[in-house]
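Each remark here refers to the structure printed beneath this line.
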Amino acid sequence: MKEKFQKLVESPIGKKIDWFCNSVWYILAYGIVVTLSHAFNLPVIGAALLTVLLSLSFVFCKNSFTLVPFFLMCSFVLSVDTKPNTGYFNSPLKITVLCLLFATLVVMLVFNLIYYGKWRKIFKRAYLSVSVALITGALVVGGIWTSLRSWTGVGMALAIGACIFLPYSLLFNCGEYKGRKTIEYFAWALIIAAVVIFEAVIQQYIIHGLSLSYHPKNLLEFGHTVSNSAAVIVLMALPMTFYMVYKYKHGFAFLFAVALDLITIFLTYSRATLLVAVVGTAIVAIVLCFKKKNGRLAYRISFGIACAIVLVIAIIFRDTIINQIKGLVGSNFWSGSGRTGLWGEGFELWKNNPIFGIGLWYLPQVQAPLHFYHSFHCTPLTYLYCAGILGLAAYCYHRYKTVRSFFSAKLTVERIFVALSVLTLLINSLLDIYMTEPLHLLYYGVMLALIECDVRAIKTNCAVKPVQIHLNENADNISGDKKDNSEQNNLTNEVNNDGMQS
């Protein structure tokens, strides 16, 4: 049976499917499926199609990096009208189908781990495994010995740990990292995810009849996330889009994707994200004017034209832009839309249990409409208040390990751009929930794996290089004087004979 299946995997059809799953067309297929299922409120059909796509990867692909599109876009099938709290999935038929789809994915995953021998590697300790376990453990015990502790918080803590560890371990231990090719695969996945979100934003504007003349932020919900959370995903796509600009001779064409990302972020009215996007885009774009190698002149011309267009628009529509900026900033910008009050509330609660914190507890009066757990919209404060001093120490240790991992080998362009995507997530998490939100932690786990894979590849190449030089020197000796070769052979025979006698 195994031999027959191996013939199928190695057949022309199997190789074609493997090529497809490792290509941009596979990522595009995910984008089309989630866009249609979201737009037409068909999450069950979308989930079924995603199951088919992922099953192809599990069966025919040894490389676990083909899971990246699923990690990044699986939740996009949900629309506002089909969220779990709407009662859409209360139908026995829908629940049965979803359970069957989930069981199929579990079976396919187990098959993939066993058939390709990944089960020996998946739980292998990696550089960041301990730090991820520590922050998970700190959140699990957070709130212990307090009346605020709940099993909802414990479950959320375990989900946080799983959403970091699963993509991180699967990709680092079981993925086939191929340098630029793998990074481009990830870049395409983020670019297409950003396009999907752009479509969702436009759809919401059309449905609600929104315009830029007033603040529509509270109406922008996409089922899988809200406006701020969607904007951060697009923001993470910006550095990887610039990576494509940098790598290709005609990469300046990707500047259109950069412009699309900026427009999407602006339409979400996410203030902190827009600030990071504009400043970061300006810095990276200017740096590439000097650092880009292939097609530098064309890039400079394109960048200059873009700057001129922005300047003309700013002059013509200056009054409208000023009014929009005032509307974006608002009177409560420095108070963080109530965040400062939330931080003060958390501090008063944390003082009663500073070592273990108050836990990721359920708070229906304050955040039930938005979140099923309590986050203080600031990563360090969330870990401090929810998991106490131990939680903050665990998070700081994890942050130290990630920085050390980044600098532990010679820097590459690939690692730098992935790290910039991580940095955008971390900066925005200082004012929001992303580092304790499962969807964004899937992105985070993927990026951690990519950074560490790149470090391992550089270290491995450095370790192998001296051996290769030594072998080349031996090759030169072999092609040299025959007398030297014969003497070497005689010496080798004498050593072997002595060894056999002893």
Side-chain angles (χ1 to χ4, degrees), residues 24 177-192 194-195 231-266 272-315 321 402-428 447-448 450-455 457-459 461-462:
V24 66
Y177 182 74
K178 299 176 182 178
R180 175 178 174 177
K181 183 178 180 181
T182 300
I183 299 299
E184 286 187 8
Y185 190 82
F186 173 66
W188 275 115
L190 269 179
I191 291 171
I192 292 175
V195 173
V232 168
I233 295 175
V234 180
L235 180 64
M236 285 189 286
L238 270 172
M240 300 314 301
T241 309
F242 271 116
Y243 171 78
M244 304 294 273
V245 172
Y246 175 82
K247 275 296 182 180
Y248 284 94
K249 181 178 181 180
H250 301 291
F252 58 88
F254 284 96
L255 289 176
F256 289 103
V258 171
L260 185 67
D261 291 344
L262 292 174
I263 292 171
T264 305
I265 293 172
F266 176 78
T273 306
L274 182 59
L275 178 62
V276 176
V278 171
V279 175
T281 297
I283 294 173
V284 175
I286 293 172
V287 169
L288 288 186
C289 287
F290 304 96
K291 294 295 184 180
K292 182 173 170 60
K293 298 178 181 178
N294 298 324
R296 182 184 297 178
L297 178 61
Y299 171 77
R300 288 177 175 176
I301 294 174
S302 301
F303 179 63
I305 294 174
C307 291
I309 293 174
V310 171
L311 182 61
V312 171
I313 292 175
I315 294 174
I321 292 173
T402 56
V403 173
R404 184 176 178 182
S405 173
F406 174 74
F407 289 106
S408 61
K410 182 181 178 181
L411 292 180
T412 62
V413 173
E414 286 72 23
R415 201 185 325 150
I416 290 173
F417 277 98
V418 174
L420 287 176
S421 290
V422 176
L423 186 61
T424 60
L425 177 64
L426 295 179
I427 291 175
N428 276 263
M447 292 186 291
L448 290 184
L450 287 170
I451 290 174
E452 196 164 342
C453 281
D454 188 71
V455 169
I458 296 299
K459 289 184 176 180
N461 289 337
C462 290

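Numbers here are sequence positions counted from 1. In this text the structure is predicted, and so the values were computed from the model without any measurement.
- Side chain of Thr424 to main chain of Ser421: a donor-acceptor pair is present (N/O by atom type, distance under 3.5 Å, no hydrogens or angles).
- Side-chain contact between Arg415 and Ile458 is present, with at least one heavy-atom pair separated by less than 4.5 Å.
- Under the 4.0 Å criterion applied to side-chain N and carboxylate O atoms, Glu414 and Lys247 are assigned as salt-bridge partners.
- Taking CD of Glu452 as the reference point, atom OG1 of Thr402 lies at 10.5 Å (rounded to 0.5 Å).
- Between Val455 and Ser405, the closest heavy-atom pair is CG2-O, 3.2 Å.
- In this structure, Glu184 CD and Met240 CE are separated by 9.0 Å, a value rounded to the nearest 0.5 Å.
- With values rounded to the nearest 0.5 angstrom, His250 atom NE2 is found 11.0 Å from Ser302 atom OG.
- Using cut-offs of 30° and 60° for the angle between ring planes, the Phe303 and Tyr299 rings count as parallel.
- In this structure, CG in Leu235 is found 11.5 Å from OG1 in Thr264, a value given to the nearest 0.5 Å.
- Minimum heavy-atom separation, Lys459 to Ala409: CG-CB, 4.1 Å.
- Leu238 pairs in a side-chain contact (heavy atoms from CB on, under 4.5 Å) with only one of the listed residues (Val284, Leu190, Leu420, Leu262), which is Leu262.
- Of all the heavy atoms in Ala231 and Ile265, the pair that sits closest is O-CG1, 4.0 Å.
- Arg180 forms a cation-pi arrangement with Tyr248, by the criterion of a distance under 6.0 Å to the ring centre and an angle within 45° of the ring axis.
- Contact annotation: the side chain of Leu255 approaches that of Phe242 to within less than 4.5 Å [non-hydrogen atoms, C-beta and beyond].
- Judged purely by atom type and a 3.5 angstrom limit, Lys292 uses its side chain to pair as donor or acceptor with the backbone of Asn294.
- Just one residue in the list Val418, Ile183, Ile416, Thr412 forms a side-chain contact (heavy atoms from CB on, under 4.5 Å) with Asp454, and that residue is Thr412.
- The aromatic rings of Phe417 and Tyr246 are tilted relative to each other, their planes meeting at an angle between 30° and 60°.
- Residues Phe406 and Leu411 have side chains in contact (heavy-atom distance under 4.5 Å, counting atoms from C-beta outward).
- With contacts defined as side-chain heavy-atom distances shorter than 4.5 Å, the pair Lys178/Tyr185 does not qualify.
- The line from CG of Asn428 to CG of Leu275 is 9.0 Å long, rounded to the nearest 0.5 Å.
- Atom CZ in Phe252 sits 10.0 Å away from atom CG in Leu297 (nearest 0.5 Å).
- For the pair Arg296 and Phe290, the tightest heavy-atom approach, listed with the atom from each and the gap, is NH2-O, 3.2 Å.
- Residues Ile191 and Ala237 come closest through the heavy atom pair N-CB, 4.5 Å.
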